[in-house]
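Input: a single structure, listed below in structure tokens.
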Amino acid sequence: MSVEETYQQMKAKLSGIVPDFELRYKAELADEINRLKVERNAVILGHNYMEPALYNSIPDYTGDSLELSRKAAQTDKDIIVFCGVRFMAETAKILNPGKTVLLPAEKAGCSLAASITAEDVRKLKAQFPGVPVVTYVNTYADVKAESDVCCTSSNAAAVVEWLGTDTVIFLPDEYLAKNVARETGKHIIFPTLTPGQDATELDYQLIGWHGRCEVHEKFTVEDIAAVRQQFPDVVILTHPECSPEVVAASDFSGGTKAMIQYVERTSAPRYLLLTECAMGDNIAAANPDKDMLRLCSVRCPHMNQITLEDTLASLKYTQYVIEVPEDIRVRAAKAVERMIAIG
Ligand code: SF4
């Protein structure tokens, strides 16, 4: 495909979302990346939170953490370039120890992944012996290695039910844990938030942690009330990393994929997505016939570090290579593979 064809393809999806001069410049970068990708026998995975020009030009596969983990597990390419954040690239490496996994921006982290360490999990396991540990996929490899099974926002409740135990340690997202507790009818405690309390005497079935997504924690019930006042017929979708109060005030809550499918399958006068900005842009681009309110104010600063320029440099200079120590990888792989099997 020529640069002009790449530009025309991007323009068909993104005019009105990305300014034309930016599209022309980015089409040149995308064209170079796509040529290099073939030369180096690489596959590019693009998370839904990638900026629209990147998302709509270079990934071979797009999706949420779970979908991309599946693609990473199936690829026969030599190199996996992960346009997402570090924990996602680590998950790809966990599933593909023999392949080179690249993350275009070295410091693309995540507030949830940074909220907990492997040592924290070991302490919780000592405090609640025998209780199975579920960790959100938004964690680093050494934390996954301490877990029995991982989950994503789309299958968190199913994973908790699948365990079939009376009690579960669910880490590290406080809001996702509360939303799962509500969905599964379980009671939840946060040992780290209730100092001095004897947790063993409480009536609980979920043990949580105090991590939060710095993007989704920003949405409030007041935001929803203000939008509903102005647009009474709006359908509001929230991500389960939002607070339970925000989720309760919305019309639908689901993981990234569930939100996309909801917009595709329903017909409402207008939609508002309370989630990461770029994802809102990408859903708007994929559904030009739907009326999407654009109140974007929260861009994930970690996802925002992944650019076309850095992706090009990543392929050119083989940077930044993700490594996971083998003893950690083997243990983490069990938890991730269980998550993928549950679906
Ligand atoms: S949007 Fe939230 S959960 Fe996702 S990478 Fe950014 S900080 Fe982490």
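In each ligand, atom 1 is the first atom listed, and ligand 1 is the first ligand listed.
With hydrogens and angles ignored, the 3.5 Å screen pairs a side-chain donor or acceptor of Lys218 with a backbone N or O of Glu214.
Among all protein heavy atoms, the one lying closest to atom 3 (S) of ligand 1 is Asn138 ND2, 3.2 Å. Scanning the protein for heavy atoms near atom 2 (Fe) of ligand 1, the closest one is Cys213 SG, 2.3 Å. Residue, atom and distance of the protein heavy atom nearest to atom 8 (Fe) of ligand 1 are Cys110 SG, 2.4 Å. Closest to atom 4 (Fe) of ligand 1 among all protein heavy atoms lies Tyr49 CE2, 4.0 Å. Taking atom 6 (Fe) of ligand 1 as the reference point, the nearest protein heavy-atom neighbour is Cys300 SG, 2.4 Å.
None of the N, O or S atoms belonging to His302 lies under 2.8 Å away from atom 2 (Fe) of ligand 1.
Applying the ring pair (Phe, Tyr, Trp, His ring centres under 6.0 Å) test to Tyr320 and every residue at least two apart in sequence or in another chain returns nothing.
Checked against the 6.0 Å centroid threshold, Tyr140 and Phe87 do not count as a close aromatic pair.
For the atom pair CZ (Arg228) and OG (Ser250), the distance works out to 7.5 Å, reported to the nearest 0.5 Å.
Tested against Cys83 for a side chain to side chain contact (heavy atoms under 4.5 Å, CB included), the candidates Leu54, Leu45, Thr307 yield a single pass: Leu54.
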